[in-house]
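Inspection log for the structure reproduced underneath, given as C-alpha cells.
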Protein chains: 2
Amino acid sequence: MRWTQTFIPTLKETPAEAEITSHKLLLRAGLARRLAGGLYTFLPLGLRVLRKIEAIIREEMNRAGALEVAMPCLQPPEIWQKSGRYQDMSEVLYHVYDRAKKEWLLGPTHEENITVLVASEINSYRQLPKNFYQITVKFRDEIRPRFGLMRAREFVMKDAYSFDVDERSAEVSYQKMYDAYVRIFERCGLRTIAVEAHTGAIGGSFSHEFMVPAESGENEIAFCESGKYAANVEKAVSQGPLIPTPTASTGASPEKFPTPGVLTIEALAQPPYNVPAHHQIKTLVYIVESKPVVLLLRGDDQLNEAKLAGALGTVLLRPATPEEIYELLGAHPGSLGAVGVTHVPVYADLALRGAAGMTTGANQDGFHLRHVDIARDIKVTRWLDLRTVKAGELCLATGLPLKISRAIEVGHIFKLGTKYSEKLGAVFLDEQGRPRPAVMGCYGIGVTRTLQAIIEQSNDKDGIIWPMSVAPYTVCITPLDVTPGGRIMSIAEQIYRQLIESGVDAILDDRDERPGVKFKDSELVGFPIRVAVGEKSLANEQVEIKPRAGQLMLVHKTEAVNRVLELIKRAN
Amino acid sequence: MRWTQTFIPTLKETPAEAEITSHKLLLRAGLARRLAGGLYTFLPLGLRVLRKIEAIIREEMNRAGALEVAMPCLQPPEIWQKSGRYQDMSEVLYHVYDRAKKEWLLGPTHEENITVLVASEINSYRQLPKNFYQITVKFRDEIRPRFGLMRAREFVMKDAYSFDVDERSAEVSYQKMYDAYVRIFERCGLRTIAVEAHTGAIGGSFSHEFMVPAESGENEIAFCESGKYAANVEKAVSQGPLIPTPTASTGASPEKFPTPGVLTIEALAQPPYNVPAHHQIKTLVYIVESKPVVLLLRGDDQLNEAKLAGALGTVLLRPATPEEIYELLGAHPGSLGAVGVTHVPVYADLALRGAAGMTTGANQDGFHLRHVDIARDIKVTRWLDLRTVKAGELCLATGLPLKISRAIEVGHIFKLGTKYSEKLGAVFLDEQGRPRPAVMGCYGIGVTRTLQAIIEQSNDKDGIIWPMSVAPYTVCITPLDVTPGGRIMSIAEQIYRQLIESGVDAILDDRDERPGVKFKDSELVGFPIRVAVGEKSLANEQVEIKPRAGQLMLVHKTEAVNRVLELIKRAN
C-alpha cells in the first residue's frame with residue numbers, strides 16, 4: 001500500500017475526548033474516529049489491526065475444534081424472558097422497536113440464541129460435544145461509555161458456547177478454551193494473567209478472566225508472585241487480615257456510650273474514643289431481591305459486593321436507602337449494629353468469627369456499644385466470605401504476600417452448567433435414551449478492547465509499538481525524497497516491491513513531506529520496522545533499518561530486504 | 001474438514017416457513033436457521049459461503065482503490081435529521097432507546113456517518129478522490145420480512161461511498177464501481193443484468209441496479225434483447241404504446257352521458273359503451289407532500305409511481321383517499337376527469353399528447369364525457385413520462401421489442417451529487433482555495449441476498465449447484481464404508497489429505513451412513529465435485545468423480561487428485 005492511496009489521518013494534538021494513553025493513540029495514529037459517545041468508526045489502519053486479531057482468534061478457535069457461525073444482532077425478547085436475563089441484564093440491554101411497536105433486543109451476548117438453536121437441532125449424545133463461536137458486533141447500554149473502545153456502546157466480541165454430555169466432558173471443553181485463550185493473547189503479543197472470577201449475570205459455577213495489567217484498567221486483580229494464584233479482587237481470598245481480630249472478651253456485657261456526631265469507623269478510631277478500626281464491627285444493610293439483610297464486617301474491611309452476590313446466588317442486590325434503614329433498625333447509618341437484631345437475617349464476614357471486645361453501633365443515633373462478643377451478643381444467620389482482600393495479605397496456596405494491580409479484562413470464560421439448557425430446552429438423549437440437559441460453557445473475548453489493550457500495554461512517548469503479528473503494516477518504507485524516477489524513490493520502490501513479493505505487509509510512505517514528519521508519523525502509528533532511504537546513507541550505498549523498539553542499523557541497500565525478512569522471522 | 005466434526009443439519013422435509021426455492025434450499029442444506037421473522041443464524045456451511053463472497057467483494061473493492069472501514073450500527077438521529085432522511089426513510093429505521101431514554105437509530109445505510117467523517121477529516125482537493133467501503137451488518141424495518149435472506153430485518157451489506165472534486169471525477173469513480181460490480185458478480189458465478197434505475201430515498205441523479213433474473217424476484221426489469229438497453233420497469237422507457245393514441249378530433253364539444261355503475265376502464269370498454277381503453281383518459285388523484293395533484297394516463301396504461309416521484313423530486317407521495325377526492329373534484333373514483341379543472345395541478349402522461357376524441361369521467365358520479373380533445377379541453381400543467389412500459393414495446397435505442405422479466409436486486413450504485421456533502425458539510429478547498437462540496441456516489445451490494453440469489457439461480461431438483469468460487473467446500477470425498485483402517489477409508493483419507501495439501505477446500509464425509517444418504521446430502525448441499533470411494537469401483541482400482549452438474553467419471557485411484565485439480569482449474 002502507498003501512504004497517499006490509503007487514509008491515515010494522524011493528529012499532532014490529542015483530542016480532548018481522550019483520557020487514557022491507548023485512547024489518545026488510537027485517535028492520534030488515525031486508527032479510529034468517534035461518531036458519538038461509545039461509537040467509533042474504524043479507519044483503514046485500525047480495521048487492518050482488528051482483522052489480524054480476528055484472524056488469530058479464528059485460527060485458534062478452529063484449531064480447538066470450535067465451529068464458526070453468525071447469529072443476528074436483533075433478538076426476540078421472548079427467549080430472554082425464558083432465561084431470566086431480560087430482568088437480570090435489563091440495565092445493559094438496548095430496546096428496539098419496529099414499525100408495529102414490537103420490541104426487539106440488541107444482544108450483548110448470545111447464550112439464549114445458541115441454546116434455542118441447539119435445542120431444535122441437537123437431540124442425541126452422538127451429536128455432542130459441540131462448540132459454536134462467532135466474531136460479531138455486540139451492544140451494551142453503558143451508563144458511561146468511556147476510554148474509547150474499552151467501554152463502548154458497540155464492540156466486536158468473539159463469543160463461543162460449548163455443549164457437552166456431562167460435567168467431565170464440559171471440563172475438557174473449558175480447558176480447551178482456556179488453552180486457546182492463552183495462545184490467542186500470546187500470538188497477539190499481549191501479556192495477560194488468567195484470574196479466577198465471579199460469574200455475575202451470565203451465571204454458572206466457575207470462571208476465569210484474562211486480564212491485562214494496566215494502570216487504566218477498570219478491574220483489580222490479586223495475585224501471588226509465585227504465579228500459583230491469581231483472582232479478580234471481586235473473588236480473591238487470602239489467609240485473612242494481617243492484623244488479627246481481637247478474640248479476648250472483656251467479660252463485660254455490651255455497654256452503650258454516647259458518640260455524638262461520630263458516623264464513621266475513622267471517627268471512632270480518633271480521640272477521645274481511640275477504638276482501632278479492627279476492634280470495630282461495621283454494619284451495612286442491603287436489599288437482596290427486595291428483602292433486607294444486615295451485613296457485618298471488621299471495621300477496617302470493605303464489603304465485596306460480588307462475593308455477596310455469589311454467596312446469595314443473585315445479582316439483584318443494592319445498598320438500602322437511609323430511609324429503609326431507619327425503618328428497619330431505628331437508627332441512621334453511622335450508628336448501626338446487630339446486637340439484639342433478630343427480625344432480619346444477619347450475614348457476618350468470616351474475619352469476625354470469634355471476635356470479642358468489639359465496638360459497634362447501638363441502633364440509636366449518637367450511641368455505640370462496647371464490650372461486644374459476637375458469639376454471645378449477635379445472632380449471626382450465616383458466616384460468609386464478604387471482605388475484599390488487601391495487598392500484602394498472605395496467599396492461601398503459597399503463604400506468600402499477594403499483590404494487587406489494576407487490569408483490563410480482555411477475555412472471560414465460564415462454566416455455565418445447565419442454567420440455559422434447562423430453561424431453553426437444550427435437552428439430548430443420552431446413551432440409555434434418557435433426556436438430559438446439555439452442560440454448557442461460554443467464552444468471550446472483547447476483540448476491539450483487545451486491540452486497544454495492546455496499545456495500552458505497548459507504547460512509548462512517540463507512539464504505538466505494535467507487535468508484528470497485529471501491526472497494520474509490518475514494514476514502512478520511507479523515502480526521504482519522493483521525486484518520481486529519482487534514485488532515492490527508485491530504490492525505495494524496489495525494496496517495497498521485493499517485500500510485497502516476499503509476502504510482507506509493507507507500506508510505502510510516498511508523501512511529499514519533510515523527513516521529520518514522516519519519521520514522527522511512522523513512530524506514532526507504530527510500524528514494527530522502518531526502512532529509510534535517503535541521500536546521506538545512500539552515499540555509502542546504505543539504507544537505514546529501524547525496528548520500532550530497537551536500534552537503528554545501516555545496511556547495504558541490496559541487503560535491506562533480507563535483513564527485514566530476518567527481523568520478521570526472529571519475531572515469530 | 002470432516003463431516004462429523006462440523007455441523008450440517010440437512011433436512012429431508014422443507015420447513016413450512018420457506019416459500020421460494022432458494023429459501024427452501026438454504027434451510028434444507030443446513031446453511032442457516034431462522035431465529036425469528038427476518039432474522040437468521042448462519043451455520044458453519046452458510047457462513048463459509050458468505051465469507052467467500054465477502055472475500056471476492058473485498059478483493060475487487062481493494063483492486064478498484066476503495067478503502068475498507070467499519071462504521072457503527074448505532075447512529076445518532078441528529079445526523080439523519082440534518083440529511084432529511086430521518087423523515088424520508090422513517091418507515092424502515094429501527095429506533096433504539098438507551099437507559100437515559102435517548103434515541104439511536106440502526107442504520108440501513110451509512111451516507112450520513114461517512115459524510116460526517118469526511119467533513120471533519122478531509123479539507124483539501126489533494127486528499128480526493130476517496131472511496132470508503134465496509135462489509136457490515138445493516139438493519140431495515142421491513143413491513144413483511146420474507147423469502148429468507150432476500151428481505152430480512154438484518155442483513156450483511158457492502159456499502160461504499162466515493163468523494164470527488166467534481167462531476168467528471170465522480171463519473172470515473174462511478175464507472176470503477178460499475179466495473180467492479182460486473183467482476184464481483186461474475187466471480188460469484190452469478191448472471192446479472194445492470195439496469196438503469198430510480199434513486200428513491202437515497203437521492204441523487206442517476207443509478208444502476210444489478211439484477212438477477214428470477215421468477216421469485218420482487219422487481220421487474222425491461223430489457224432489449226440486443227443488450228443495449230435495460231432498466232428497472234420503474235424507470236424504463238420505450239417508443240410508447242404499441243397502439244397509437246387517437247388524435248383525430250370528432251369536432252364536437254365534450255358531451256356528458258350517463259354511465260350508471262361504470263367505475264372502471266374495463267367496464268366502459270364493454271357494451272353498450274364500447275369505448276376502447278386507449279380511447280379513454282384515466283384520471284388519478286395523488287397527494288404530493290400534502291398537496292393534491294391530478295394525474296392523467298391513457299386508459300390502458302398504468303401509473304409508474306417511481307417515475308412520478310422522480311419527476312417531482314420527492315418520495316413523499318400517496319394516492320388520495322376517496323374522501324379527499326370527493327372534496328376536491330365533487331365525484332368518486334370511477335367518474336373522475338380533468339376537463340375544466342383549474343384549481344389543482346394536472347400532470348398528463350406524454351402518451352396523451354395530442355389525444356382527441358377521448359372519453360373521461362365527468363366529475364359527477366355516474367357520468368362520463370366524450371368528444372374530449374385534450375389540447376382544447378384540459379388545462380395540463382405539465383407533461384410527464386408517467387406510464388409503465390409493457391413487454392413488446394419498442395426500444396428507443398434499437399427499435400427492437402422490449403422484454404420484461406422479474407428479477408432480484410443484488411447491487412445498486414448511485415450518483416449522489418452533493419446532496420449529503422452540502423447538508424453535512426463535506427466541503428473541501430479546491431486548487432484555487434475556494435470551498436466546494438464533495439461530489440459523492442454510493443454503492444451497495446446485498447451480500448446475504450447475493451448468497452441466496454446464487455442458490456435461486458443455480459439449483460436443480462436434488463439441491464444447490466454451487467459455483468466453485470463460493471461453494472462451502474469445493475470437493476466432498478465420500479467413502480462408502482468408513483471402517484477405520486479399512487481399504488476404502490484409507491484411500492479416501494489419502495485423497496482428502498492430498499487435496500488439502502494442494503490447497504483445495506475439501507470435506508470428508510466420514511459419517512457412518514448409507515451411501516444413498518451421503519450422496520443425497522452432498523447433492524443437496526451442492527458441493528461442486530464429489531469423489532466417491534467404494535468397493536465396486538475399487539475392484540478396478542478406480543474411484544468415481546462426479547461434478548455436481550456434470551457426468552460421472554471413473555478414474556484410477558492414483559489419478560483422482562490430479563483429475564479434481566484439473567476440474568477446478570478449468571472452472572477458474
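Owing to the predicted nature of the structure, the values given are computational and were not obtained by experimental measurement. Below, chains carry the letters A, B, ... as their sequence lines are ordered, and counting in each starts from 1.
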Item to check | Smallest separation among heavy atoms of A/T41 and B/N113, with atom names | outcome: OG1-OD1, 3.5 Å

Item to check | Closest contact, heavy atoms only, B/Y473 versus B/A506 | outcome: CD2-O, 3.6 Å

Residue, of [options], that accumulates the most heavy atom pairs under 4.5 Å with chain B:
| options | value |
| --- | --- |
| A/R126, A/R34, A/E91, A/Q5 | A/E91 |
| A/R99, A/Q134, A/K130 | A/R99 |
| A/P44, A/P9, A/G65, A/C73 | A/C73 |
| A/E68, A/M1, A/R51, A/M71 | A/E68 |

Item to check | Interatomic distance, B/F155 atom CZ to B/L149 atom CG [nearest 0.5 angstrom] | outcome: 11.5 Å

Checklist entry - How far apart are the C-alpha atoms of A/K82 and A/E112, what are their side-chain angles, what is the distance that settles it, and do they pass the salt bridge (charged side-chain N to carboxylate O under 4.0 Å, His left out) test? => result CA-CA 9 Å; A/K82 265 197 193 168; A/E112 287 78 3; over 6 Å; no

Would [X] and [Y] pass as an ion pair if we require N to O under 4.0 Å?
| X | Y | answer |
| --- | --- | --- |
| B/D509 | B/R2 | no |
| A/E54 | A/K158 | no |
| B/E111 | B/R85 | yes |
| B/E78 | B/K102 | yes |

Under a 4.5 Å heavy-atom cut-off, does chain B meet the side chain of [X], its backbone, both or neither?
| X | answer |
| --- | --- |
| A/T4 | backbone |
| A/I122 | side chain |
| A/R48 | neither |
| A/F139 | side chain |
| A/I79 | side chain |
| A/Y40 | backbone |

Item to check | Pair A/Y94-A/R153, side-chain hydrogen bond (donor to acceptor under 3.5 Å, both in side chains): steps then yes or no | outcome: CA-CA 10 Å; A/Y94 281 106; A/R153 293 181 183 279; 2.8 Å; yes

Hey, which of [options] has the most heavy atom pairs under 4.5 Å with chain A?
| options | value |
| --- | --- |
| B/L43, B/N62, B/V96 | B/V96 |
| B/L67, B/L93, B/I114 | B/L67 |
| B/R33, B/Q127, B/H110 | B/R33 |

Checklist entry - Can you check whether B/R144's main-chain N or O pairs, donor with acceptor, with B/R151's side chain at less than 3.5 Å? => result no

Does any backbone or side-chain atom of [X] lie under 4.5 Å from a heavy atom of chain A? Answer side chain, backbone, both or neither.
| X | result |
| --- | --- |
| B/L106 | side chain |
| B/E154 | side chain |
| B/E142 | backbone |
| B/L117 | side chain |
| B/F132 | side chain |
| B/L45 | neither |

Next on the checklist: Quick check on the 6.0 Å ring-centre criterion: do A/Y420 and A/Y161 meet it?
Outcome noted: no

Item to check | Check against side-chain hydrogen bond (donor to acceptor under 3.5 Å, both in side chains), B/W80 and B/Q75 | outcome: CA-CA 9 Å; B/W80 283 73; B/Q75 299 189 30; 2.7 Å; yes

